[in-house]
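Single-structure report; data block below.
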Amino acid sequence: MDVTTIILSAVLVGVVGLLIGLLLCLAGKKFAVEENETEAAVRAALPGNNCGGCGYAGCDGLAKAIAEGTAPVNACPVGGAAVADEIARIMGVEAEKGEQKVAFVACAGDCTVTRVKYEYYGKADCKAAAVAPGGGDKLCAYGCLGLGSCVKACPFDAIHVVQGVAVVDEDKCRACGKCVAACPKHLISLVPKDAPVRVRCSSHDMARTVMAACDLGCRGCTLCTRVCPNGAAKMDNGLAVIDYSLCTGCGACVEKCPAHSIQRKAAQES
C-alpha cells in the first residue's frame with residue numbers, strides 16, 4: 001500500500017467522522033427536550049427520598065406536577081413546612097399550612113396483653129403469616145402480627161416491633177405511607193400528629209371474643225359515645241372511632257373506657 005492510498009483513506013475517514021458529528025449535532029438540536037427551569041428548581045428543593053408518599057412516582061414526578069400546577073406546593077410529606085415554603089417561593093405563591101400527620105398503629109395487643117392460638121414457624125413476614133390458618137397466630141384475628149413488614153418498608157427507621165406489636169416513633173415518621181401499604185391487617189393509618197386521643201384497637205368482634213383475645217381490646221360498649229360532649233366518639237361496626245375534626249381532647253372517653261383501648265397520646269408514647 002503506497003503513501004497516497006494511506007493519505008486518501010485517512011482523509012475519507014476524517015470526512016465521514018465530520019459528517020457523522022454534524023448529523024448528530026443537528027439531531028441533538030432538533031430532538032432536544034427543553035429543560036423546565038422551574039421544575040428543576042422544585043426538584044432541587046425536594047428531599048430526594050423518592051418514597052412515593054406524595055402519590056407521585058418519586059420526587060421527579062412530584063416536581064413535574066408542581067411545576068405544571070397540578071400538585072400543591074406542600075405535597076411532599078417528608079419535607080414538611082420548610083420544603084413547602086421553599087417551593088412556594090420558587091412558584092411565587094403562598095404555601096398553605098397543611099396538617100402534619102404521622103402513622104398510627106391501631107393495636108395495643110403486645111405479648112403482655114394478648115393471647116395466641118398456636119406457634120407460628122413460617123416466614124418472618126406479616127403478609128405470609130396473614131394467610132396462615134386463622135389469619136395468624138394471635139387469638140385476635142385483627143391484631144398486629146408483629147413480624148415487621150412495616151419496619152422493612154419504612155425508609156426513615158420510624159417504626160419498630162416492640163413486644164410483638166408495631167410502634168411508631170412519631171419524631172422520625174414523615175407520613176410517607178409505606179407502612180400503611182405494607183400492613184396486611186390494615187392496622188396502620190395516617191392521623192393528625194397532635195390528635196390527643198386514639199383508639200388502639202381494630203377489632204370488630206363481639207365483646208366476649210375480644211375479651212378472650214386481648215385485655216385492651218374495644219368491647220363495643222358505646223360508653224365513650226355517651227360521655228363525649230362533642231360527638232367525636234362514634235361506633236363503626238362495634239368498634240370505637242374518633243372523629244378528629246370534633247375531638248377537643250377533653251379525655252372523657254379515655255376515662256370512661258373500661259378496656260383502656262382509648263388512650264391519650266402521651267400514654268401511647270410512654
Side-chain angles (χ1 to χ4, degrees), residues 1-103 123-128 148-160 168-169 171-184 188 190:
M1 182 179 292
D2 57 23
V3 175
T4 302
T5 302
I6 295 174
I7 293 174
L8 288 173
S9 298
V11 170
L12 180 61
V13 170
V15 171
V16 172
L18 180 61
L19 289 173
I20 292 174
L22 288 172
L23 288 172
L24 289 173
C25 182
L26 291 172
K29 290 182 178 180
K30 182 176 179 60
F31 299 106
V33 178
E34 293 186 10
E35 181 180 12
N36 186 317
E37 293 183 1
T38 301
E39 180 181 332
V42 171
R43 177 64 183 84
L46 291 170
N49 294 89
N50 291 309
C51 63
C54 57
Y56 292 87
C59 294
D60 288 341
L62 177 59
K64 186 175 187 299
I66 292 176
E68 292 175 347
T70 58
V73 296
N74 62 350
C76 176
V78 176
V83 169
D85 289 342
E86 175 60 18
I87 294 176
R89 184 192 65 78
I90 294 170
M91 296 297 295
V93 298
E94 189 74 21
E96 295 182 7
K97 300 302 179 183
E99 185 177 45
Q100 186 177 3
K101 294 189 174 183
V102 292
K123 182 180 179 182
D125 178 80
C126 294
K127 291 182 179 179
S149 290
C150 54
V151 177
K152 298 169 190 172
C154 179
F156 305 103
D157 190 37
I159 188 166
H160 300 91
V168 176
D169 182 338
D171 292 330
K172 292 183 178 180
C173 180
R174 295 296 178 268
C176 71
K178 291 286 188 179
C179 59
V180 177
C183 179
I188 309 176
L190 299 180

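Counting from 1, the numbers follow the sequence of the chain as shown. Because the structure is predicted, anything quoted here is derived from the model rather than measured.
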Problem set entry | Within-4.5 Å side-chain heavy-atom neighbours: Pro184 and Lys127 | yes
Exercise. Quick one: side chain to side chain contact (heavy atoms under 4.5 Å, CB included) partners of Ala128, sequence neighbours excluded?
Worked result: Tyr120, Lys123, Asp125
For this session: Compare all side-chain heavy atoms of Val93 with those of Ile87 and state whether any distance is below 4.5 angstrom.
Result: no
Exercise. How long is the span from the NZ atom in Lys172 to the CG atom in Asp157, to the nearest 0.5 Å?
Worked result: 4.0 Å
For this session: If a pair satisfies salt bridge (Lys or Arg N to Asp or Glu O under 4.0 Å) and one of its residues is in residues 53-64, list it, with sequence neighbours excluded.
Result: Arg43-Asp60, Lys64-Glu68
Exercise. Between Ile188 and Cys150, what is the shortest heavy-atom contact and its length?
Worked result: CD1-CB, 3.9 Å
Exercise. Out of curiosity, Ile159 CD1 to Ser149 OG, how far, rounded to the nearest 0.5 Å?
Worked result: 10.5 Å
Exercise. Are Pro155 and Cys176 close enough that some pair of their side-chain heavy atoms sits under 4.5 Å apart?
Worked result: yes
Exercise. From Lys178 NZ over to Lys152 NZ, what is the distance, rounded to the nearest 0.5 angstrom?
Worked result: 15.5 Å
Seminar exercise, completed: Output for pair (Arg174 CZ, Gln100 CD), nearest 0.5 Å, gives 8.0 Å
For this session: Using a 4.5 Å cut-off on heavy atoms from C-beta on, say whether the side chain of Cys173 contacts that of Phe156.
Result: no
Exercise. Is Thr38 reaching over with its side chain to a backbone N or O of Ala67, donor-acceptor style, under 3.5 angstrom?
Worked result: no
For this session: Locate the shortest heavy-atom distance separating Ala158 from Cys154; write the atom from each residue and the value.
Result: N-SG, 3.3 Å
Under 3.5 Å, sequence neighbours excluded: what are the donor-acceptor pairs made by side chains of residues 45-55?
unit_1, atom_1, unit_2, atom_2, d
Asn50, OD1, Cys59, N, 2.8

